[in-house]
Amino acid sequence: MDAFFASVTIRDRPELRGRPVLVGGGLRGVVLSATYEARRRGVRSAMPMSRARRLCPDAVVLPAAFDEVEATSAAVMEILRQVTPVVEVVSVDEAFLDVAGALRRFGSTTAVAEHVRARVHDEQRITCSVGIGPTRSVAKLAGRRAKPDGVVRVPPEAVVDFLHPLDVGELWGVGERTRDRLRRLGLRTVADLAHTPLPELRRALGPRAGAHLHALAWGTDSARVGEGPVAGRPAGRSIGAEETFGHDTDDHEVVGRELLRLSATVARRARAAGLAARCVSLKVRYADFTTLTRSRTLADPTDVTATVHATAVALYAALGARRTRVRLVGVRLEGLRPRREVHEQLVLGAREHGWTDADRAADRAVSRFGRDAVGPASLLGTRRP
DNA sequence: TCTGGGGTCCTAGGACCC
DNA sequence: TCTGGGGTCCTAGGACCC
């Protein structure tokens with residue numbers, strides 16, 4: 001999808017068409033998505049909103065329409081599944097399709113692309129771009145090249161010519177750090193990478209990453225659609241929530257309350273998904289942006305808000321006092337497994353009804369009457385930071 | 001008023017077990 | 001005066017993606 005959050009957010013506001021629009025924000029937020037008018041002025045997603053506004057003072061800034069984005073995403077993915085069942089959803093606005101089985105019906109890969117683009121445009125009133133290639137990685141880069149509102153096809157015999165002039169940083173999986181490291185090795189283009197002996201790459205980047213990048217540089221990555229490092233596994237290896245405070249704080253009560261709010265959020269999501277977590281992980285970012293994580297594995301998997309919170313608080317307390325203030329806290333559940341596979345440890349003398357029942361009752365109330373229907377008393381009257 | 005929030009995967013050291 | 005090899009789990013951090 002092209003500038004997905006921005007496109008959806010302004011879809012029903014024709015007066016904004018052709019104007020630079022930034023979606024995202026909050027007091028200390030970043031740009032979630034920007035229209036191409038804003039991008040032409042140098043705005044990029046993930047850029048601090050303050051900087052984006054400086055680059056583009058006349059931009060309209062809007063909060064993201066998350067519900068509508070979600071619904072649009074689902075509708076688009078459904079269009080894709082009608083082309084082929086082999087769909088690998090990468091994110092809310094991106095997917096891979098293996099269209100080998102659809103060629104007889106459509107005639108060509110390009111015809112598939114135009115079919116999808118036409119349907120998305122007609123039914124959702126937004127544009128998308130399609131990259132076609134023999135591997136996921138090549139298709140991914142072709143898709144980037146196709147933006148906005150276009151199609152780029154890289155046939156197998158053209159892959160090497162397509163890849164090799166690119167900057168190494170354009171490869172999917174090479175971020176800023178790896179790009180810097182490659183630069184220091186004197187490797188700037190994908191061709192440089194491709195012509196570096198494999199053992200040398202493995203030494204420099206580790207055996208796995210080295211081999212992976214070498215394959216990407218020759219377009220020979222063999223993962224099939226649906227078998228990528230992300231997809232192909234049961235979704236949901238972790239559930240997390242984090243929040244940057246409006247102002248850095250050293251008030252333990254404020255931090256503790258926020259940990260409760262986050263714990264309640266992730267535990268509720270786990271319960272809704274029928275999952276329990278072996279491990280609770282705490283993330284803390286200080287005012288100077290140093291970030292650390294602490295985690296604890298529990299004796300028994302849990303989906304209980306109070307247990308998650310108690311663990312998060314214990315991890316936080318174990319950090320001790322710091323000189324700097326806290327900018328962000330986060331809570332994440334890991335080691336998830338289906339709750340029905342977890343047999344409850346019976347404790348002699350335990351109450352017959354405990355937090356598990358309270359959580360479930362609260363979940364039912366929330367699902368009937370809304371998020372504010374019931375919750376921890378200590379969160380009453382507090383606004384999200 | 002620099003730097004969000006949701007994730008996945010990899011690495012590396014230490015503990016522990018056989 | 002000597003300490004292997006293989007494996008798993010736990011913890012912490014880092015890189016990357018959208």
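Here is how names work: the chains are called A, B, and so on, in the same order as the sequence lines, proteins then strands, and each is numbered from 1.
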Of the nucleotides C:dA12, B:dG4, C:dC18, which has the atom closest to the A:S295 side chain? C:dA12

How many whole angstroms separate atom CG of A:L213 from atom P of C:dA15? 14 Å

From C:dT11, B:dG5, B:dC9, pick the nucleotide closest to the side chain of A:T297? C:dT11

Find out if a path of hydrophobic residues (ILVMFWY) with successive side-chain heavy-atom gaps under 4.5 Å connects A:V116 to A:I126. yes

Trace of the salt bridge (charged side-chain N to carboxylate O under 4.0 Å, His left out) decision for A:D167 with A:R183: CA-CA 10 Å; A:D167 187 284; A:R183 283 243 158 139; 3.1 Å; yes

Are A:M47 and A:L27 co-members of a hydrophobic cluster defined by side-chain heavy atoms under 4.5 Å apart? no

Is it true that the NZ or CZ of A:R285 lies under 6.0 Å from the centre of A:F289's six-membered ring and within 45 degrees of the ring axis? yes

So A:A241, base contact, sugar-phosphate only, or nothing? Heavy-atom distance under 4.0 Å. sugar-phosphate

Quick one: does A:R339's side chain have a donor or acceptor within less than 3.5 Å of a partner on A:T302's backbone? no

Whole angstroms only, please: what is the CZ-P distance between A:R144 and C:dC16? 13 Å

Between atom CZ in A:F66 and atom P in C:dC18, what is the gap in whole Å? 17 Å

Look at all strands and tell whether A:L32 reaches a base, only sugar-phosphate, or nothing, counting heavy atoms closer than 4.0 Å. base

Please work out which residues in residues 282-293 of chain A have a non-hydrogen atom less than 4.0 Å from an atom of DNA chain C and list them by number. A:L292, A:T293

Nucleotide nearest A:L27 (side chain, heavy atoms from C-beta), chosen from B:dT3, C:dC18, B:dT1: B:dT1

For the side chain of A:K140, counting heavy atoms from C-beta on, which of B:dG6, C:dC18, B:dC9 is nearest? C:dC18

Phosphate OP1/OP2 of C:dG13: any A:R294 side-chain N/O under 4.0 Å: yes

Heavy-atom donor-acceptor pair, A:T35 side chain to A:R19 backbone, under 3.5 Å: yes

Could you tell me whether A:R41 and A:D58 make a salt bridge, using a distance below 4.0 angstrom between a side-chain N and a carboxylate O? yes

Report which part of the nucleic acid A:R296 touches: base, sugar-phosphate, or nothing (heavy-atom distance under 4.0 Å, all strands). sugar-phosphate

Phosphate OP1/OP2 of C:dT11: any A:S281 side-chain N/O under 4.0 Å: no

Write down the distance between CZ (A:F4) and P (B:dG5), rounded to a whole number of angstrom. 21 Å

Determine whether the aromatic ring centres of A:W218 and A:F162 lie less than 6.0 Å apart. no

Atom pair distance, as rounded to whole Å: CZ in A:F245 and C1' in B:dC2: 19 Å

C1'-based separation of C:dG4 from B:dC16 [nearest Å]: 16 Å

Electrostatic pair A:R271-A:D359, nearest N-O below 4.0 angstrom: yes

Ring center gap for A:H195 and A:H164 short of 6.0 angstrom: yes

With the side chain of A:R327 defined as its heavy atoms from C-beta on, choose the nearest nucleotide among B:dG4, C:dA12, B:dC2. B:dG4

ILVMFWY cluster, A:V331 and A:L275 together (side-chain gap under 4.5 Å): yes

Closest nucleotide of DNA chain B for A:I239 versus for A:S45: which of these residues is on the 5' side? A:S45

Considering every strand and a 4.0 Å limit on heavy-atom distances, what is the contact class for A:R208: base, sugar-phosphate, or nothing? sugar-phosphate

Side chain of A:S50, heavy atoms from C-beta onward: which of B:dT3, B:dT1, B:dG4 has the nearest atom to it? B:dT1

Listed in order of residue number, which residues of residues 163-183 of chain A have a non-hydrogen atom at under 4.0 Å from DNA chain C? A:L171, A:W172, A:G173, A:V174, A:G175, A:E176, A:R177, A:T178

How do A:R54 and A:L262 order along DNA chain B: which one's closest nucleotide is nearer the 5' end? A:R54

Pairing partner (Watson-Crick or G-U wobble, both distances under 3.5 angstrom) of B:dC17: C:dG6

Atom CG of A:L298 and atom P of C:dC9: how far apart are they, to the nearest Å? 16 Å

Could you tell me the separation between the CG atom of A:L328 and the C1' atom of B:dG4, rounded to a whole number of Å? 9 Å

OP1 or OP2 of B:dG5 sitting under 4.0 Å from any side-chain N/O of A:R332? no

Interatomic distance where CZ belongs to A:R202 and P belongs to B:dT11 [whole Å]: 11 Å

